[in-house]
Amino acid sequence: MAAILALAGILQMKKRIKIFSLLFFLFLFIQNAAFSSEVTFSAVSESCIKSDKANNSMTPSIQRLLRVREDVNNSGSDFILFLGNNISSADKYDLVMFAKIINKIQKPVYVSVGNKDVQRTKHLERKEYYRLLNRFSKNKISKVPSIKKMNGFVFIFMDGTNEMVSMPRGYYKEKELIVLEKYLNKYKDKNVIIVQHYPVIGIDDPMKATFNVEPYKNLISKHKNIKVIISGHDNKEFIIEDENKIKHINIPSLSEGKEYEVITIKMQDDIALIRTKIISVE
């Protein structure tokens, strides 16, 4: 009789252990669901690489980018974004120099374009820009707009530049907004982060503010899956939440402020929690 009771006790204990284990794993599942997506990356705006063709010497812009490369290679960033104005003017030599430097970044690299990067009169249109860039580097973007899926997020890379002439004001054309809406509808159940050179809010200087921005703002107001918009273009750092609960992060200038930014985005209960850190390269 004692043996039977002992056996029953053992079975009851095993049952309790099994229930406890199930509850523990359920708790972990709930925790992971609450923080379903998290990503940490570096973001650089306005590298403005300018080489010294005459003396073939190290320019300040090249030195700054080399420091960024060293930092990122030794950091916890999952990847690095370049937000445009990567070269000081639409010059193929400088573009190749930029590409060869970032080619040795040991993290995935995603490069957008800005107003200084492309110009048709200098025979450096977007297509040629990305052809040269991707020939000499491991950049993972071949055109804009485009998308990349990373760490549970969908990143949409926008354009806004004018190939005809370098303009300090961006302009997101109707055809580009059509592509953006197509992506937003396709990934309506995903958390979307938009990456672009030109901000849509937060720039006070009318000479740098994005031209005809209302159609863009009207479009993004209709889509709840947009969590963050990351931009550069101005030597200004900010995080602003708009009336649609979209967080706008602007990255300071590497060329003027000698800074870049490390960003962590974590989703909790459909809210983007953001942590940023400014890194100086002086």
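In this text the structure is predicted, and so the values were computed from the model without any measurement.
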Specify whether Phe155 and Phe157 have parallel, tilted or perpendicular ring planes, treating 30° as the upper limit for parallel and 60° as the lower limit for perpendicular. parallel
Can you name the nearest heavy-atom pair linking Pro252 to Glu261, along with the distance? CD-OE1, 3.3 Å
Minimum side-chain heavy-atom gap Asp71-Asn74 below 4.5 Å: no
How long is the span from the CG atom in Asn191 to the NZ atom in Lys227, to the nearest 0.5 Å? 5.5 Å
May I ask whether Ile203 and Tyr216 are part of the same hydrophobic cluster, defined by side-chain heavy atoms of I, L, V, M, F, W, Y residues being less than 4.5 angstrom apart, directly or through others? yes
Over all heavy atoms of both residues, which pair between Asn250 and Gly232 is shortest? Give the atoms and the distance, please. OD1-O, 3.1 Å
Ion pair check, Glu70 and Arg67, cut-off under 4.0 Å: no
Taking side chain as C-beta onward, heavy atoms only, is Lys247 less than 4.5 Å from Ile274? yes
Answer yes if the side chains of Asn86 and Ser47 hold a donor-acceptor pair under 3.5 Å, and no otherwise. no
Determine yes or no for a side-chain-to-main-chain donor-acceptor pair under 3.5 angstrom, with Asn85 supplying the side chain and Val113 the backbone. no
Asn225-Asp189 side chain donor-acceptor pair, cut-off 3.5 Å: no
Scanning both residues in full, the closest heavy-atom pair of Val200 with Lys217 reads O-CD, 4.1 Å
Are Glu128 and His123 close enough, and set up right, to give a side-chain contact (heavy atoms from CB on, under 4.5 Å), and what steps lead you there? CA-CA 8 Å; Glu128 176 66 3; His123 308 290; over 6 Å; no
For Ser77, is there any backbone N or O sitting under 3.5 Å from a side-chain donor or acceptor partner on Thr40? no
Roughly how far apart are Ile101 CD1 and Leu65 CG, rounded to 0.5 Å? 4.5 Å
Has the side chain of His197 got a donor or acceptor atom that lies under 3.5 Å from a matching backbone atom of Leu83? yes
Using a 6.0 Å cut-off, check whether atom CZ of Phe211 has over 12 heavy atoms from anything other than its own residue. no
Tell me the closest heavy-atom pair linking Glu176 and Pro145, and the distance in Å. CG-CG, 3.5 Å
Less than 4.0 Å between a side-chain N and a carboxylate O, is that true for Lys224 and Asp270? no
Give a yes or no on whether Lys53 atom NZ has more than 12 heavy-atom contacts from other residues, nucleotides or ligands under 6.0 Å away. yes
Given the rule that I, L, V, M, F, W and Y join up when any side-chain heavy atoms are under 4.5 Å apart, are Tyr260 and Ile80 in one cluster? yes
Check: Asp117 side chain, Gly114 main-chain N or O, donor-acceptor pair, under 3.5 Å: yes
Can you tell me how far apart CG (Asp242) and CG (Asn244) are? Round to the nearest 0.5 Å. 4.5 Å
Decide yes or no for Ile194 and Val228: does some side-chain heavy atom of the first lie under 4.5 Å from some side-chain heavy atom of the second? no
Polar side chain donor-acceptor pair, Ser89 to Asp91, under 3.5 angstrom: no
Please confirm whether Tyr110 and Phe79 have ring centers closer than 6.0 angstrom. yes
Worked verdict on Thr161 versus Tyr198 for side-chain contact (heavy atoms from CB on, under 4.5 Å): CA-CA 9 Å; Thr161 60; Tyr198 301 98; 3.9 Å; yes
In this structure, are over 12 heavy atoms from other groups packed under 6.0 Å from Lys258 atom NZ? yes
Given 3.5 Å as the limit, does a donor-acceptor pair link the side chain of His233 with the main chain of Ser253, or not? no
Using 0.5 Å steps for rounding, measure from the CZ atom of Arg135 to the NZ atom of Lys100. 9.0 Å
Does any donor atom in the side chain of Thr59 or Asp52 lie under 3.5 Å from an acceptor atom in the other side chain? no
Does the pair Asn212 and Tyr172 meet the rule for a side chain to side chain donor-acceptor pair (under 3.5 Å), with working shown? CA-CA 8 Å; Asn212 192 27; Tyr172 296 98; over 6 Å; no
If every non-hydrogen atom of Ser61 is compared with every non-hydrogen atom of Ile49, which pair is closest and at what distance? O-CD1, 3.4 Å
Establish, from distance only, whether the side-chain atoms of Gln119 and Tyr129 form a donor-acceptor pair under 3.5 Å. no
Any idea which heavy atoms bring Ile141 and Asn134 closest together, and the distance? O-ND2, 2.9 Å
Any His223 side-chain heavy atom under 4.5 Å of Asn185 side chain: yes
List the steps and the verdict of side-chain contact (heavy atoms from CB on, under 4.5 Å) for Ile147 and Tyr187. CA-CA 10 Å; Ile147 66 159; Tyr187 298 101; 3.1 Å; yes
Tell me which one of Ile240, Thr210, Ile246 satisfies side chain to side chain contact (heavy atoms under 4.5 Å, CB included) with Ile201. Ile240
Are Leu95 and Leu133 side-chain neighbours, meaning at least one heavy-atom pair lies under 4.5 Å? yes
Could you tell me the separation between the OH atom of Tyr93 and the NZ atom of Lys50, rounded to the nearest 0.5 Å? 11.0 Å
Do Tyr130 and Asn139 get their side chains close enough for a donor-acceptor pair, meaning under 3.5 Å? no
Between Ser280 (side chain) and Glu282 (backbone), is there a donor-acceptor pair under 3.5 Å? yes
Can you get from Ile263 to Ile229 by hopping between Ile, Leu, Val, Met, Phe, Trp and Tyr side chains that sit under 4.5 Å apart? no
Do you reckon Ile178 sits in the same ILVMFWY cluster as Val154, going by side-chain contacts under 4.5 Å, direct or chained? no
Check: Lys138 side chain, Lys107 main-chain N or O, donor-acceptor pair, under 3.5 Å: no
For the backbone of Gln106 and the side chain of Asn73, can you confirm whether one donor and one acceptor N or O come within less than 3.5 Å of each other? yes
Can a donor-acceptor pair be found, under 3.5 Å and without considering hydrogens, that links the side chain of Glu259 to the backbone of Val281? no
Any heavy-atom pair between the side chains of Thr276 and Ile278 that's under 4.5 Å? no
Lys/Arg-Asp/Glu bridge criterion (N-O < 4.0 Å) met for Glu163, Arg126: yes
Check the surroundings of atom NZ in Lys127: do more than 12 heavy atoms from other residues, nucleotides or ligands lie under 6.0 Å from it? no
Cys48 SG to Ile62 CD1 distance, which is reported to the nearest 0.5 Å: 12.5 Å
hydrophobic_cluster_shared for Ile156 and Ile230, side chain cutoff 4.5 Å: no
Would you indicate whether the side-chain heavy atoms of Ile265 and Leu273 approach each other to under 4.5 Å? no
Report yes if some heavy atom in the side chain of Asn103 is under 4.5 Å from a heavy atom in the side chain of Phe136; otherwise report no. no
Quick check on side chain to side chain contact (heavy atoms under 4.5 Å, CB included): which of Leu81, Val195, Asp159 does Ser112 satisfy it with? Val195
Got a donor-acceptor contact below 3.5 angstrom from the Arg275 side chain to the Thr264 backbone? no
More than 12 heavy atoms from other groups under 6.0 Å of NZ on Lys92: yes
CA sep, side-chain torsions, deciding dist, call: Ile249, Ser231, side-chain contact (heavy atoms from CB on, under 4.5 Å): CA-CA 6 Å; Ile249 305 176; Ser231 54; over 6 Å; no
